[in-house]
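Right, one structure below, let's go through it.
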Amino acid sequence: MKIKISILALVFCLMSSAAFADPRTVTLDVPTMTCPLCPVTIMRSLDGLTGVKKVSVDFPNRTATIEYDDSKISTNQLTEATEKAGYPSTIRKGS
Ligand SMILES: [Cu+2]
């Protein structure tokens, strides 16, 4: 009986680590956001890229936070995308 329980626990562990595996989060500093419409452009430049799961832009703090799959897209590609849209960005340290 004890063995059965530990097998179940192991299976559960494996499943949950798979579920929480990939998505990484990075925060980009976007200093050139100057008006409340800028976040819309920045969101559009990132949203829809392969590997990008979620984008939120914080206008008062001039940051963009992106949830992404690092097996499909790199942080360099993320900063390139905002730059192409007219908003050069840098990766915030520690994120
Ligand atoms: Cu603007």
Side-chain angles (χ1 to χ4, degrees):
M1 204 53 189
K2 267 184 186 167
I3 292 166
K4 245 187 192 170
I5 289 166
S6 56
I7 287 171
L8 274 177
L10 182 67
V11 168
F12 183 76
C13 272
L14 289 174
M15 281 168 62
S16 53
S17 68
F20 293 111
D22 268 330
R24 287 171 177 252
T25 305
V26 68
T27 300
L28 304 180
D29 282 310
V30 196
T32 53
M33 260 193 251
T34 50
C35 80
L37 282 179
C38 290
V40 179
T41 314
I42 294 164
M43 293 247 288
R44 273 194 199 142
S45 73
L46 294 164
D47 213 12
L49 293 177
T50 304
V52 171
K53 304 203 164 175
K54 202 175 148 194
V55 182
S56 58
V57 177
D58 185 331
F59 174 56
N61 288 319
R62 313 267 193 279
T63 60
T65 303
I66 302 138
E67 212 174 281
Y68 68 104
D69 180 341
D70 68 344
S71 67
K72 290 183 182 145
I73 194 161
S74 71
T75 50
N76 280 345
Q77 285 172 290
L78 297 173
T79 57
E80 263 167 38
T82 67
E83 191 169 348
K84 267 185 207 159
Y87 299 93
S89 61
T90 52
I91 296 154
R92 178 164 282 196
K93 284 188 181 130
S95 71

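Every number for a ligand or one of its atoms is a count from 1 in the order of the listing. Side-chain atoms are counted along with the backbone in the values below, which use heavy atoms only and exclude waters and symmetry mates. On a predicted model such as this, the values are computed, not experimentally measured, just so you know.
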How close do [X] and [Y] get, heavy atom to heavy atom, and via which atoms?
X	Y	answer
Gln77	Lys72	OE1-O, 4.3 Å
Tyr87	Val30	CB-CG1, 3.6 Å
Thr79	Thr82	O-OG1, 3.0 Å

For Asn61 and Thr63, does a side-chain donor sit closer than 3.5 Å to a side-chain acceptor?
no
Would you say the side-chain atoms of Arg62 pair up with the backbone N or O of Met33, donor to acceptor, closer than 3.5 Å?
yes
Tally of protein N, O or S atoms, where distance to the Cu ion (ligand 1) is under 2.8 Å
2
When hydrophobic residues are tied together by side-chain contacts of less than 4.5 Å, even through go-betweens, does Val55 share a cluster with Val40?
no
